[in-house]
Amino acid sequence: MPVHADEHDEWLAWRKGGITATEVADAWCGTYGGAYTVVARKLGRIAPPQQTAAMDRGHRWQETVADAVHALTGQYVVGEETWCEHVDNARHRATVDGFLAPMADCSIDDVTAILEIKTTGVGVRHDLDRTEAQVQWQMHVTGIDRAVIAIATIDDADDTCTGLRLVRIDANPGQQAQLVEEADRLLAHIDAGTLPEPDQASALDVVKEVHAVANGADSVILSDHADVVARLYDLKATAKEVTDEQKLLEAILRDAVGAATTGVLDGWRVSVSQPAATLTADAEAALLAERPDLGKVVLDRDKAKAEAPELYESHRQAVGARRLTIKRTEGVQP
């Protein structure tokens, strides 16, 4: 069962005090921004993750999948949503979906495995590497040396289960040691209030969010990042060359296809779709002329700038990421 609503805030506070299975797996696998995102969120530098439809689906199906596991394996699912801490390091934490045991009324000594429940959409490949890392961490925290991952495929169109896959996993001491090393690295950054250097492309949006506001500080010396600056400069130049070539080739092909919708040659098929139907500004004005009741009041920005410039400026807000620009300065230092 999911964490009860009246325990949710307490559960979040408990999770914040340590490193959880999801966090160490994301850092170790480099998913969702990797270690940078984990630490930034722990330090309150970015907003908490928003509840998604996939999360809601997982919560909604968790009990049903647990019942299916019992029916298929004969094992009882006990201790649902148990908050676990490592016996020697209480900051190593995990919330376990459940445990498997041969009888319903049992003690921890009777437990045979950890149960981790996942749901995925139809045609969506489940990230088993990440889930296995989560489960290895759960085994490290609990001391239980076996786990079962139940992956249910759910058709979101009508909220029905179209398949269930059970994956059995044994404890891997080598991988668990690596996860412990990663967790302790994260905790060291959290305790020091520092962020690790980004090591995943998926961290870019998080870095932008963390540093969304400029504080007007003096220039930062980037001597230690000289190779990064030069490489990014070269990549941007190369990307522009590639983009320009791509546009030229597309122009040639579009012209060759002309007013047709398809071009063919051995081994290839080139299609040019019909224009997408959209409501242009002129069409919108014509529609409003026919039905004024469909309109709404909006700010006339040009008029606001001209007649109330100070008020206009006072309401402007910084949005989006700050732009990064690299220029050669011929050896001039900041």
Side-chain angles (χ1 to χ4, degrees), residues 32-33 36-37 39-41 43-56 156 195 198 200-222 225 228-229 232-255 257-259 261 271-330 332 334:
Y32 301 105
Y36 189 92
T37 298
V39 176
R41 185 160 286 136
L43 295 178
R45 302 288 298 274
I46 59 176
Q50 298 295 311
Q51 187 76 6
T52 66
M55 293 178 185
D56 290 337
D156 292 321
L195 291 167
Q200 301 293 327
S202 57
L204 178 57
D205 287 341
V206 180
V207 173
K208 290 179 179 180
E209 183 178 349
V210 168
H211 301 293
V213 179
N215 60 12
D218 294 335
S219 297
V220 174
I221 303 301
L222 293 175
H225 294 79
V228 176
V229 172
L232 181 56
Y233 180 88
D234 291 341
L235 284 174
K236 283 179 174 286
T238 301
K240 183 180 184 306
E241 292 178 6
V242 170
T243 299
D244 288 346
E245 182 181 1
Q246 175 187 335
K247 289 180 178 179
L248 173 59
L249 296 178
E250 182 174 336
I252 293 171
L253 281 179
R254 281 180 174 272
D255 184 62
V257 173
T261 58
S271 299
V272 182
S273 68
Q274 295 287 356
T278 185
L279 191 67
T280 65
D282 290 341
E284 183 177 307
L287 176 57
L288 282 173
E290 293 182 41
R291 288 285 303 275
D293 58 299
L294 298 178
K296 63 180 180 180
V297 177
V298 296
L299 176 68
D300 185 334
R301 295 194 178 200
D302 293 335
K303 185 176 182 180
K305 291 178 186 178
E307 298 184 9
E310 293 183 2
L311 181 61
Y312 179 86
E313 287 296 325
S314 70
H315 282 278
R316 293 181 66 190
Q317 300 177 6
V319 296
R322 296 156 57 199
R323 289 187 295 273
L324 172 67
T325 304
I326 301 176
K327 294 182 179 180
R328 290 194 180 276
T329 57
E330 302 300 329
V332 177

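Bear in mind that the values here come from a model prediction, so they are computed numbers and not experimental data.
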Measure across [X] and [Y] and return the closest heavy-atom pair with its distance rounded to 0.1 Å.
X      : Y      : answer
Ser202 : Tyr32  : OG-C, 4.1 Å
Gln51  : Asp56  : NE2-OD1, 2.9 Å
Ala203 : Pro198 : CB-CB, 4.2 Å
Leu288 : Leu294 : CD2-C, 4.0 Å
Arg41  : Pro49  : NE-CD, 3.3 Å
Ala306 : Pro309 : O-CD, 4.0 Å

Rounded to the nearest 0.5 Å, what separates atom [atom1] in [X] from atom [atom2] in [Y]?
X      : Y      : atom1 : atom2 : result
Leu299 : His315 : CG    : NE2   : 10.0 Å
Arg45  : Thr37  : CZ    : OG1   : 12.5 Å
Arg316 : Leu311 : CZ    : CG    : 13.0 Å
Leu249 : Ile252 : CG    : CD1   : 5.5 Å
Tyr312 : Glu307 : OH    : CD    : 14.0 Å

Using atom types as modelled, flag every donor-acceptor pair under 3.5 Å from a side chain in residues 239-248 to any protein atom, sequence neighbours excluded.
{"unit_1": "Lys240", "atom_1": "NZ", "unit_2": "Asp244", "atom_2": "OD2", "d": "2.9"}
{"unit_1": "Thr243", "atom_1": "OG1", "unit_2": "Ala239", "atom_2": "O", "d": "2.8"}

- Do side-chain atoms of Glu209 reach the backbone of Ala47 as a donor and acceptor pair under 3.5 angstrom? yes

